[in-house]
Participant: 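My questions will all concern the structure given below.
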There are 2 protein chains.
Amino acid sequence: MSRRHSENILFGGVEAGGTNFNCVMGYGDGDIIARRTIPTTTPENTLAQVVDFFKEKSIEYGPVQALGIAHFGPIDINKASRSYGKILLTVKPGWSYFDIVGYFSNIFSVPVAFQSDVNGAAIGERYFGGAKENDNFVYMTVGTGIGGGAFVNGHLVNNLQHPEIGHMLVPHDVVQDSFPGSCPVHGDCLEGLASGSAIKSRWGSPGESLPENSAVWELEAHYLAILCVNLCYCYAPEKIILGGGVMGQKQIFPILHRKFLELMHGYMTTLNEVSIKDFIVPTRLAGEAATKGSLILAHQGYFSETAAALSPRCNKTHRFP
Amino acid sequence: MSRRHSENILFGGVEAGGTNFNCVMGYGDGDIIARRTIPTTTPENTLAQVVDFFKEKSIEYGPVQALGIAHFGPIDINKASRSYGKILLTVKPGWSYFDIVGYFSNIFSVPVAFQSDVNGAAIGERYFGGAKENDNFVYMTVGTGIGGGAFVNGHLVNNLQHPEIGHMLVPHDVVQDSFPGSCPVHGDCLEGLASGSAIKSRWGSPGESLPENSAVWELEAHYLAILCVNLCYCYAPEKIILGGGVMGQKQIFPILHRKFLELMHGYMTTLNEVSIKDFIVPTRLAGEAATKGSLILAHQGYFSETAAALSPRCNKTHRFP
């Protein structure tokens, strides 16, 4: 390593997504020194490959001192719960109730921090991305599914359960848009109407093959504008950051900005056609938000457990963000 | 006074509503020693009567050391803004851009804390009501309008602007409910569909004259269930407290509980037909949430300004909740 790090402590991070597990080894300043992408198949198969990655890289770089896992939901993040660290009921075959934290804790004797994937990405945006200056912001990913993480007063919105912003119930004008929605749970919630899966089902092709079809992006921007309006009404954020595969279609942003201002009817008085461009913005982390966030999770897990070991009364001083 | 208070400092509080200004004099522990209700007419007329109340009661009890104003919105709560302390554009004749904080500061040379009425009520619930044990909860008032205040990680969700949860855009099935909505800004947002005004417009009579019409409360509970679902997805709260005139119709609660569980599809795994009764609850403060909250606001304004005067670096230690 030519670069020096403020703390010479090595961490492991995993963005555990429904399609891939993106594994990284790196530092609490977000510097990544090794990475590997592993397809999401069965827990046994995928997780064994994750373990192999960290073991192999440990020979080269030394052992990690903590792991941070930013995992697809729903997951149990309530440390007082009997199912803490597990995946909850999911449509993904084989993954329901799998004990992720237990699995890694048994193999690596290090702290394992566990969080939803979108909360991990929100942490990445807060520390390294578009929200470094923002105590109050929302990060949304619009990909195969839709999810979000929010910071309020400098701290992550998180409680006994993680938020599920992507499943927000939104207006659906069936005359204008007869698509019934693709969410297996809610049908026409936001995810059911505006996710990448919804685009593919409604239009018969994935979004990346439809860039010239303006009707696709008008409708997509319409639903995302409703989302952003509701985020403003709920969180009064300083910024909304949008990532995920669908948001790679940059033609959405100007339409979204226009529709958002129309729907807001002047509620946020500081927003106009110019300032909106700095308010609803694309991620600048190019798919790295959750992996970098997972290193922060590991960093926090490490210092939280170290502090707790030093003093039982000290374990609230290094709270999660 | 027979009762002793931990700090013998007298505060003034105002719940400034669209129908009435409820003025109180009391202590930071929520004890109210004098009160008066003043109809909301013009700013000049109403505010002069508010001033009279505090001047009269000061002769009897001594002067207040700070004022807390929990005001109907939209208001400017951003201290860095040129219009801080003012009402923003409102449909209420004569009130747009009136400088509330300036008015009271000029007359009483004491700190004047300024907050939205629903945030004031949420503060009241946090300190004296159903959320004393809850760092994460939402208070909603469903009356002539709909508004809400939320606490996340023990602090009020509040930023350069206050939230406007009541104007959330929600599903509206025009086949089932052809009422176009009564919100002058959005039409069929939540407030436009489920406020007391909406009930009156849709059914031709105010809610209090329709207690036996089950269709009214089925539909009302339907919209409130959508609201509660979206609140869960956004805030992952420990509790949702509902107040305001419409919620006086207690027959709403069992229907709301049932519809909420149906819509949630098991997302909050701890909730069932029994535990839901402690999750979505009526206010226990019987219309006192915002007046008691305004005393807390005054208390915080007093200590915030006192701390700031003692040390410029100290003024962040007594932050607003």
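Since this is a predicted model, take the numbers as computed values, not measurements. Residue numbers begin at 1 in each chain, while the letters A, B, ... track the order of the sequences.
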Participant: Please check if the side chain of B:Asn153 supplies one atom and the backbone of A:Leu156 the other of a donor-acceptor pair under 3.5 Å.
Facilitator: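 Here the side-chain-to-backbone pair exists.
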
Participant: Kindly compute the distance separating CG (B:Asn136) from CG (A:Leu160), expressed to the nearest 0.5 Å.
Facilitator: 8.0 Å

Participant: Among B:Pro237, B:Gly148, B:Cys234, who wins on heavy-atom pairs under 4.5 Å with chain A?
Facilitator: B:Cys234

Participant: Out of B:Leu227, B:Val170, B:Leu169, B:Val229, which one pairs with A:Leu169 under the side-chain contact (heavy atoms from CB on, under 4.5 Å) rule?
Facilitator: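 Result: among B:Leu227, B:Val170, B:Leu169, B:Val229, B:Val229 is the only option passing the side-chain contact (heavy atoms from CB on, under 4.5 Å) with A:Leu169.
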
Participant: Can you check whether B:Val152 reaches A:His155 side chain to side chain, under 4.5 Å on heavy atoms?
Facilitator: no

Participant: Does B:Glu133 CD have over 12 foreign heavy atoms under 6.0 Å away?
Facilitator: no

Participant: Could you look at B:Asn158 and say if it's the side chain, the backbone, both or neither that has a heavy atom under 4.5 Å from chain A?
Facilitator: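 It is the backbone, since no side chain atom gets that close.
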
Participant: Does B:Glu273, at its CD atom, have more than 12 non-hydrogen atoms belonging to other residues, nucleotides or ligands within less than 6.0 Å?
Facilitator: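 No - once you tally the heavy atoms of other residues, nucleotides and ligands closer than 6.0 Å, there are 12 at most.
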
Participant: Report the distance from atom CD of A:Gln161 to atom CD of B:Glu238, rounding to the nearest 0.5 Å.
Facilitator: 11.5 Å

Participant: At what distance, to the nearest 0.5 angstrom, does NE2 of A:His172 lie from NE2 of B:His172?
Facilitator: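 Those atoms lie 14.5 Å apart.
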
Participant: Quick one: which of A:Ala150, A:Ala236, A:Pro163, A:Pro171 has the most heavy-atom pairs under 4.5 Å with chain B, could you say?
Facilitator: A:Pro171

Participant: Pick whichever of B:Leu89, B:Leu263, B:Val185 has the most heavy-atom pairs under 4.5 Å with chain A.
Facilitator: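 Option with the top pair count is B:Val185.
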
Participant: Quick one: CG on B:Leu231 to CE on A:Met168, what's the gap to the nearest 0.5 Å?
Facilitator: 9.5 Å

Participant: Atom CG of B:Asn159 and atom CG of A:Asp135: how far apart are they, to the nearest 0.5 Å?
Facilitator: 8.5 Å

Participant: Calculate, to the nearest 0.5 Å, the distance between atoms SG and NE2 belonging to A:Cys189 and B:His265 respectively.
Facilitator: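 The distance works out to 9.0 Å.
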
Participant: Tell me if the aromatic rings of A:Tyr233 and B:His162 count as close, with their centers under 6.0 Å from one another.
Facilitator: no

